Number of protein chains: 2
Amino acid sequence: MVSSARRPTQEDVARRAGVSRGTVSLVLNDRRGRVLISAATREKVVAAARDLGYSPNPVAQMLARGRNRIIGFFTFEQTFPYGEEDFHHRYLVGVEREACSRDFDLLLFTRGGGEGPKAIYRSGMNTLRLADGCIFIGTDPDPEGLQRLLAEGYPFVLIGRTRIAPDALDTVVHDHAGGAAEAARHLLGLGHRAIAVALQSQDTEFIRERVEGCRRAVAEAGDARLSLIESCPGAAELKAALLSHGATALICADRRILPAVRALVAEGEVRVPDELSVALLATAGPEFGMPVSHVDLNRARLGRIAFERVSARIEGRLSGFARISVPCQFVAGATTGPAPRRLSGAAAGGRRSRG
Amino acid sequence: MVSSARRPTQEDVARRAGVSRGTVSLVLNDRRGRVLISAATREKVVAAARDLGYSPNPVAQMLARGRNRIIGFFTFEQTFPYGEEDFHHRYLVGVEREACSRDFDLLLFTRGGGEGPKAIYRSGMNTLRLADGCIFIGTDPDPEGLQRLLAEGYPFVLIGRTRIAPDALDTVVHDHAGGAAEAARHLLGLGHRAIAVALQSQDTEFIRERVEGCRRAVAEAGDARLSLIESCPGAAELKAALLSHGATALICADRRILPAVRALVAEGEVRVPDELSVALLATAGPEFGMPVSHVDLNRARLGRIAFERVSARIEGRLSGFARISVPCQFVAGATTGPAPRRLSGAAAGGRRSRG
DNA sequence: CTGAAAGCGCTTACAG
DNA sequence: CTGAAAGCGCTTACAG
């Protein structure tokens with residue numbers, strides 16, 4: 001069924017044009033300046049290529065040239081960041097955009113998903129080399145694999161944290177602490193003096209950084225205090241904790257506590273922002289029914305920056321390594337407002353549940 | 001700066017293990033059944049590869065094997081379908097998912113964006129061959145390029161319409177007519193007998209198909225009538241048209257008229273669905289403030305189907321070509337309800353503007 | 001069971 | 001200005 005007429009090769013073109021293969025390559029790649037080719041020869045070659053419907057085999061070109069104008073995108077999670085649902089996807093959007101404008105194709109390493117966390121070297125081998133450089137992303141970054149790439153001099157950048165020393169490779173990370181500090185300062189500016197930070201667990205580094213950022217901002221203010229509400233499973237516990245701390249503002253440092261916060265608000269236990277200001281240290285979805293004051297992670301931007309970095313390295317425009325910390329902007333929404341004169345009791349008749 | 005220690009090649013491994021290059025290839029690719037290799041030799045080779053940190057060059061493998069386990073994704077629009085904003089992106093999500101589960105990598109042809117509609121053969125050449133097969137998508141599908149690929153026997157599938165004969169290539173398309181008919185039947189089932197279809201222009205084929213689908217369903221009902229409202233620029237004109245047709249239900253065949261419909265609803269000129277039922281023949285966004293009755297285009301599914309098709313062809317599991325029409329499901333939302341007893345005047349005191 | 005050799009389709013010095 | 005040749009790093013019949 002498939003027309004198995006072999007594709008024409010450079011050889012065929014050369015034969016038809018009556019020149020050598022090298023000449024075909026020279027003409028078709030338009031290597032002016034290097035060698036001069038007579039207009040007559042040039043035309044013969046171009047005509048032969050056209051007649052034959054010739055187009056070069058990119059794989060052969062890649063092998064001969066050693067450069068492909070392809071950037072890889074690799075995620076360490078088991079599955080590829082499919083849809084909008086997956087936040088990894090936002091990075092990819094930025095990477096795509098940059099690839100487009102810099103005239104690179106993009107290779108998504110979708111293979112090998114589903115079989116546990118992906119390793120860079122599958123069964124000891126490496127598919128990566130197809131790409132001139134690669135952007136890695138993920139929360140479990142296979143340090144051995146990265147080290148090996150480093151040793152080989154393979155150009156790559158990691159979006160995320162790793163235990164490898166920051167000056168030994170290129171990474172791009174969010175300035176979570178800075179974003180958190182901004183959020184806290186916004187609340188301080190609104191007059192809040194008792195601020196609570198709620199989170200499910202300090203198990204990940206970026207959450208610890210966010211807490212640290214809040215601490216810093218509150219400490220700078222001097223006259224305010226910060227309290228930590230950790231691992232609160234439900235709305236009732238959260239409310240009790242807020243009451244006991246006398247907090248007028250709540251910073252959510254962790255997406256995982258959002259359900260509790262939403263429940264608290266939805267049940268009408270507390271009026272936002274009149275009784276309680278709420279800020280989120282991550283990109284906000286539409287879940288709250290009103291624009292949420294939040295820190296914009298702008299993942300697409302990180303993707304762009306990562307691309308810029310890896311392409312610079314490929315082109316030899318870079319010498320050392322660096323950790324690039326990208327500022328996170330705070331966006332004031334409708335969930336934060338001036339501090340109430342005094343703690344209004346959060347809700348009349350609230351149950352006095354204790355830890 | 002970059003460690004320029006040449007990567008070890010098969011040759012290096014062979015030398016170290018004291019065997020020939022062919023043997024290294026055999027061992028490392030674990031070609032059992034073909035040739036038997038002694039356990040001792042095998043171990044020598046594996047050890048040498050490990051010691052040297054050898055991994056095969058995928059480009060060389062591709063050139064030698066002629067197959068890459070890569071599928072391409074090519075869009076004809078100037079720019080790559082960046083973000084969620086772009087509806088092309090939904091297809092990509094399905095393609096990614098399928099690539100993952102079938103163990104293919106995915107090559108996004110992001111190059112060449114921005115310089116007018118993209119052609120398959122850039123300056124007469126063809127980068128495509130890097131992928132074993134390709135999924136094309138777009139509304140302006142470069143028929144010459146596709147024809148040429150067809151002639152070469154290159155495996156691909158087009159998501160979308162083309163003027164090439166449907167049995168000459170693989171395409172995957174929405175059954176717009178079927179989805180529209182379902183929407184119309186839903187309204188007929190609710191008792192509506194005067195239904196209007198609104199659209200900005202019949203300039204694209206899929207819009208004509210949607211209109212046709214509505215026509216078919218209404219004709220089947222026998223006792224109902226369908227009227228067409230075309231190119232209505234504003235809410236006032238739309239309302240006037242609805243009144244003049246005595247329509248109790250409005251089918252939006254074209255996203256471009258949504259602003260007018262939204263304006264009509266937002267201004268309180270008409271109560272939905274009490275006075276007017278509204279159905280949309282495309283995937284609905286959150287713009288209406290309530291769940292919109294609509295036809296679900298399920299683009300990710302089309303992406304999956306396209307992938308399935310092209311991979312089947314690559315593996316030789318296919319003989320002829322086909323146009324695959326994917327059903328579109330109608331989803332009842334809150335914007336459609338029982339037909340009012342009689343036309344309630346759409347709104348009291350409406351201005352009697354005439355076309 | 002293993003080695004020597006041809007081949008995949010290009011690019012690029014190097015001679016003429 | 002052009003040709004012959006080596007090389008990119010692998011795979012795969014084909015002899016032994």
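Order of the sequence lines sets the chain letters (A, B, ...), proteins ahead of strands, with each chain counted from 1. All figures in this text were calculated on a predicted structure; none of them were measured in a lab.
- In DNA chain C, runs of at least 3 stacked Watson-Crick or G-U pairs (N1-N3 plus N6-O4 or O6-N4, or N1-O2 plus O6-N3, all under 3.5 Å) give these stems: C:1-3 with D:14-16, C:5-12 with D:5-12, C:14-16 with D:1-3.
- In this pair, Phe136(B) and Phe156(B) present their aromatic rings perpendicular. The plane angle is above 60°, beyond the 30 to 60° band.
- Between Val24(A) and Gly18(B), the residue anchored nearer the 5' end of DNA chain C, judged by the nucleotide with its closest heavy atom, is Gly18(B).
- Here Ser38(A) reaches the OP1 or OP2 of dT2(D): one of its side-chain N or O atoms lies under 4.0 Å away.
- Here the side chain of Arg148(A) pairs a donor or acceptor atom with the backbone of Gly53(B) at under 3.5 angstrom.
- Here Asp170(A) pairs with Arg313(A) in a salt bridge; the nearest charged N to carboxylate O distance falls below 4.0 Å.
- Salt bridge present: Arg129(A) and Glu152(A) bring a charged side-chain N and a carboxylate O closer than 4.0 Å.
- Screening Arg69(A), Gln61(A), Met62(A) for a side-chain contact (heavy atoms from CB on, under 4.5 Å) with Arg65(A), the sole residue that qualifies is Gln61(A).
- Although no hydrogens or angles enter the test, the distance criterion places a donor-acceptor pair under 3.5 Å between the side chain of Asp12(B) and the main chain of Thr9(B).
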Every protein N/O within reach of nucleotides 4-9 of chain D N/O, cut-off under 3.5 Å:
none

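- Among the candidates Ile70(B), Asn68(B), Val310(B), Asp132(B), the single residue satisfying the side-chain contact (heavy atoms from CB on, under 4.5 Å) test with Phe104(B) is Asp132(B).
- Contact between the side-chain N/O atoms of Thr41(A) and the OP1/OP2 oxygens of dT2(D) is found at a separation under 4.0 Å.
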